Asks: 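Right, I'll just put the structure down here and ask away after.
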Amino acid sequence: MEFAEVWRPSETAPAWHGPEQILLRQGKVTVDDLTAAAQKRQDSPHLSLLQVLVASQKIDETTAQQAVAEFFELPFVHVTAAEVDENVFTLLPLDYIKAKKVLPIGRQDENVLVALADPADIFLIDDLKRRTHGRMQLVVAVESEIHKAVEELSAAQAQQVDEIIKDISEDTVEVASCKAEEVADLEKIASQSPVIRYANFLISSAVREGASDIHIEPGDRHLRIRYRIDGILFEQPAPPMQLHAAVVSRLKIMANLDIAERRLPQDGRIRATVHERTVDLRVSTLPIQYGEKCVIRILDNRSILVGLENLGMGPETLAAFRHQIDQPHGIILVTGPTGSGKSTTLYSALQVMDSQRRNISTVEDPVEYELSGINQVHVHESIGVTFAAVLRSLLRQDPDIIMVGEIRDEETARIAVQASLTGHLVLSTLHTNDAPASITRLVNIGVEPYLISASVNAVVAQRLVRRICENCKAPVKTPRECDLAYLRKFHADIRTLYQGAGCDKCRQTGYKGRVGVYELLELDDPLRDLIATNPSLTELHRAAHQAGMKTIREDGLGKVAAGITTADELMRVTET
């Protein structure tokens, strides 16, 4: 039997489906129109059938999109820049909005209204759900109207920057010390009033918003400015790309860096008075494809001096941690990824120690915050002032307590262990995922298991989750299935979930501030005996759980139950 006997092409007219069928039923197009459009589409396969019909002027864009909306059972709207809620518009990055042809236009109840031209793009819709935490309502709009509104809104943002910097005086940010180099053109431009005002505005507004970092990122045609607030990057109105070199040069001058050198990374420091308080700014420049990227880390004593009781530790964990830092000797490790609040925990511990009757010294790279009554040493590896070298010197300075910024290598780890075994209390950090993994990390560095068993007293692992905004906090009426599945997976019996609806105080995010989630592993005699045998990480986890260690996830679920944070936020920091 030949294939032709089983199947042969139909000679009848093709059956039209989707929006085309709706247009046909409404009499907006004829069968001949659709057939001709299908033939033309063979020459332009990247176009949809509706786009071919619009290009052939058989229908207009509005008619096409109304049919799309009816087929997908979504509302159709006309969008203009004047009707877009500016607070909602900033929820998505401007580059993302332009690339994906979407437009956040407002709110409906607890949902963000997002206009788009192609509701058939399931990958885009999944990404939008993730970015809006599932609180999203789609509407269909004309692509050209979306493009026009986005261009007008982005132009308005640029104009807004110009208006803002007019009101910023040149002494809004007072630089404590500045030694400018003699470099001709760039320095002249960087010293002009608009550039100075914008640099001051950038810093002062970031401090006012509570940002921890400022990112200045040059692109092909546009400059992107982002603030990291509560661990998440938020895009800000940016000046024209032409100002990029001048703004970076101004920041370099403030940080005593070489503005003529744009091929190599540079690091500097600015001490400034902003809003009547002193802040330290760490400036880092890095040459990338389209120019120099500049990141400014904002170190504000108000954000670090929070007190042990305000970190977010539960009563049992806090009592156990206080007991550990009162010990006369041993090692206490604080572990977690970059940006998880390890330095804050260590500084908070140092503040409650008796610096009058005990000699407390720190070795840091760099010294982030100055603490009264404590000897702080800055590491300079380029001239041989390494962690290990400073530690050796400190041991001859009659210390009681030593804080090491980070244990990075075998030599530093061995000296820290020896210091703890000779009557000193050592506090330090490691980069591991959880508390038991710190033990295997020390073994991998090169420390013998029996030395770890004898010296380490406790390990604290931590993450930072965003707090639900108290101003717009409310119970969740219909929890998302993914949240419920997450709670079921870990047998969490939580009756009521909370979330922030979004308000002006939290930048429409539903979150304001951060709190730590912790796990504390205290080494008892059975655990010390096990560690001396060089166990696997799985064996350590099992033994830690049997010893009663409460994991980061369990601590986080307790904060979800208490309405402090959300299941979505806990998943963000604990799940892959």
Side-chain angles (χ1 to χ4, degrees), residues 86-99 104 131 150-168 170 172-173 186 189-190 192-255 257 259 262 265-266 268 270 272 274-275 279 281-300 339 507-509:
E86 291 185 5
N87 292 325
V88 176
F89 178 68
T90 57
L91 290 179
L92 295 177
L94 184 58
D95 289 351
Y96 180 86
I97 289 174
K98 290 182 176 180
R131 290 172 179 268
V150 170
E151 290 301 316
E152 290 180 7
L153 288 164
S154 57
Q157 282 189 343
Q159 185 177 1
Q160 183 183 13
V161 171
D162 294 337
E163 293 297 324
I164 289 172
I165 63 176
K166 287 179 182 178
D167 300 327
I168 302 292
E170 294 183 17
T172 300
V173 178
L186 269 181
I189 298 172
Q192 292 175 355
S193 290
V195 176
I196 294 175
R197 285 201 302 267
Y198 181 73
N200 292 347
F201 160 72
L202 200 63
I203 295 169
S204 62
S205 64
V207 172
R208 184 177 61 251
E209 294 276 357
S212 61
D213 300 88
I214 305 170
H215 289 247
I216 304 171
E217 302 166 307
D220 183 13
R221 299 180 181 177
H222 304 285
L223 183 62
R224 182 159 68 162
I225 306 293
R226 296 191 290 175
Y227 292 167
R228 187 178 293 279
I229 303 173
D230 294 336
I232 306 296
L233 285 169
F234 292 91
E235 194 154 348
Q236 306 296 315
M241 183 65 186
Q242 292 84 349
L243 275 182
H244 168 250
V247 171
V248 172
S249 295
R250 171 60 184 168
L251 294 170
K252 283 183 174 183
I253 290 173
M254 295 169 71
L257 299 179
I259 68 172
R262 285 178 281 173
Q266 295 188 71
I270 304 170
V274 185
H275 304 307
V279 295
L281 309 171
R282 299 294 162 79
V283 180
S284 173
T285 65
L286 178 69
I288 61 174
Q289 184 179 6
Y290 296 110
E292 282 185 288
K293 177 179 177 179
C294 182
V295 176
I296 305 170
R297 167 66 59 90
I298 301 171
L299 304 175
D300 184 0
R507 303 173 59 89
Q508 308 297 326
T509 63

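Just the heavy atoms: all of them, side chains too, but no hydrogens, waters or symmetry mates, feed the values below. The structure displayed is predicted, hence computed values, not measured ones.
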Asks: If you take all heavy atoms of P287 and P265, which pair is closest and at what distance?
Replies: CD-N, 3.8 Å
Asks: Looking at every non-hydrogen atom in both residues, tell me the closest pair between V247 and Y198 and how far apart they are.
Replies: CG2-CD2, 3.8 Å
Asks: What is the distance from atom CE of M254 to atom OG of S249, rounded to the nearest 0.5 Å?
Replies: 13.0 Å
Asks: For V248 versus C294, what's the shortest heavy-atom pair and its separation?
Replies: CG2-CB, 4.3 Å
Asks: Checking I216 against V295 for the side-chain contact (heavy atoms from CB on, under 4.5 Å) test, could you report, in this order, the C-alpha distance in whole Å, the side-chain angles of both residues, the deciding distance, and whether it holds?
Replies: CA-CA 6 Å; I216 304 171; V295 176; over 6 Å; no
Asks: How far does OG1 of T509 sit from CG of D230, to the nearest 0.5 angstrom?
Replies: 7.0 Å
Asks: To the closest 0.5 Å, what do you measure between CD1 (I298) and CZ (R228)?
Replies: 12.0 Å
Asks: Where is the tightest heavy-atom contact between A238 and L223, given as atom of each residue plus distance?
Replies: CB-O, 3.1 Å
Asks: For the CD atom of E235 and the CZ atom of R224, what is their distance to the nearest 0.5 Å?
Replies: 5.5 Å
Asks: Kindly compute the distance separating CG (L233) from CD1 (I214), expressed to the nearest 0.5 Å.
Replies: 12.0 Å
Asks: Name all residues meeting the salt bridge (Lys or Arg N to Asp or Glu O under 4.0 Å) criterion together with E292; count only those two or more places apart in sequence or in a different chain, and write none if there are none.
Replies: K252
Asks: Go through the steps to decide whether L202 and Y227 satisfy the test side-chain contact (heavy atoms from CB on, under 4.5 Å), and finish with yes or no.
Replies: CA-CA 10 Å; L202 200 63; Y227 292 167; 3.8 Å; yes
Asks: Out of V195, T285, I203, which one pairs with L251 under the side chain to side chain contact (heavy atoms under 4.5 Å, CB included) rule?
Replies: I203
Asks: Nearest 0.5 Å please: distance from the NE2 atom of H244 over to the CD1 atom of I225.
Replies: 8.0 Å
Asks: Taking it one step at a time, do H222 and M241 satisfy side-chain contact (heavy atoms from CB on, under 4.5 Å)?
Replies: CA-CA 5 Å; H222 304 285; M241 183 65 186; 5.9 Å; no
Asks: At their closest point, which heavy atom of P104 faces which heavy atom of L92, and how far apart are they?
Replies: CG-CD1, 3.6 Å
